[in-house]
Amino acid sequence: MVKIDLHTHSNASDGTDSPAELVEKAAAAGLDGIALTDHDTTSGWEEATTAAKKQGLALVYGAEFSTSFSGITTHILGYLFDPKDQRINRLFTQVKEDRVHRLQEITNRVNQVYPITWEQVLAQVNGEAAVGRPHLADALISQGYFVDRNQVFAQVLNTDSPFYVRYQAPEPAVVCETIRSAGGVAVLAHPRAKSRQRRFLSSKDIAQLVDAGLWGIEVNHPEQMPADREEVALIAQELGLVITGSSDYHGQGKNNRLGQYTTPWSTVQSLLEQGRTKWYPGKLSGLTLALPVE
Ligand code: AMP
Ligand code: FE
Ligand code: FE
Ligand code: ZN
């Protein structure tokens, strides 16, 4: 059985492993391939490719786009889009700037209770990575206030907390259209991750995204419980969406294990047939003669 994990993060965003470490760990975990889907950036693709070539691991290029549907934070996974596409890069640039302002605002609020400086937060960020609450969590851990990210999110950084501030983000329909027009494939990430937030897109809301080019939806995900998955699977059936599964691995500080959930090879193949950026097949090259490769 071919095992591919279609949703992972490196320290190009809020994961804790470098892209190369992530690829090495995926190979060591017995996976055949991963998709690298950092938040709002493609900056990890190059390093991941070099490592994938060493490890013989298949690599599917992607990113997780931050969007907002009437104030509901919504993550869209984009795969195999052209990383040089102007509209894609404009989306990334805007969201990355908003993420900085918003994290500064959260940091100011948290600082009233747990003294912490912006410099201490930035010390947790790798280069030009897209910043997020996990970096503030890491700064609070480094100051000894908490033991891990889970604890910080439970006590301080969850969406119900008085410290929480939303970021400005584009609408998911615009993002789906942009991914499509850049030759990519769009998948709605963890639409019922109930431990994270209280408001969710209805199947009617998701139908609008299907009209905008949404192709798939994440059903098997560590933060969706069995009842949530059933609900999402019904939506997928109703709207004709392809079902994916993944770990949403972030390295240390989050329990998600690499390969915890994977996506059937037949599904991955139909995804791979569509993208403009060619994937790297690694040891799967013999299996995939009919598919376009790098
Ligand atoms: P942000 O992008 O700043 O809104 O932060 C959201 C990110 O925080 C998600 O992408 C996850 O990586 C992370 N996250 C959310 N909940 C938790 C949690 N309970 N423990 C660790 N990380 C979390
Ligand atoms: Fe994340
Ligand atoms: Fe997400
Ligand atoms: Zn993710």
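Atoms within each ligand, like the ligands themselves, are counted from 1 in listed order.
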Salt bridge or not between [X] and [Y]? Use side-chain N to carboxylate O under 4.0 Å.
X: Asp211; Y: Lys204; answer: no
X: Asp160; Y: Arg198; answer: yes
X: Arg192; Y: Glu230; answer: no
X: Arg166; Y: Glu105; answer: no
X: Lys25; Y: Glu21; answer: no

What is the name of the N/O/S atom in His7 that sits closest to the Zn ion (ligand 4)?
NE2
2.8 Å cut-off met by an N, O or S atom of His190 to the Zn ion (ligand 4):
no
Please find out if the Zn ion (ligand 4) and some N, O or S atom of His9 are separated by less than 2.8 Å.
yes
Which N/O/S atom belongs to His75 and is the closest one to the Fe ion (ligand 3)?
ND1
Give, rounded to 10 degrees, the angle between OE2 (Glu64) and NE2 (His190) as seen from the Fe ion (ligand 3).
110°
Of all the N, O or S atoms in Asp14, which one sits nearest to the Fe ion (ligand 2)?
OD2
Presence of N, O or S from His9 under 2.8 Å of the Fe ion (ligand 2):
no
Angle subtended at the Zn ion (ligand 4) by Asp248 OD1 and Glu64 OE1, to the nearest 10 degrees, is 170°
Do the ring planes of Tyr61 and Trp45 sit parallel (below 30°), tilted (30 to 60°) or perpendicular (above 60°)?
tilted
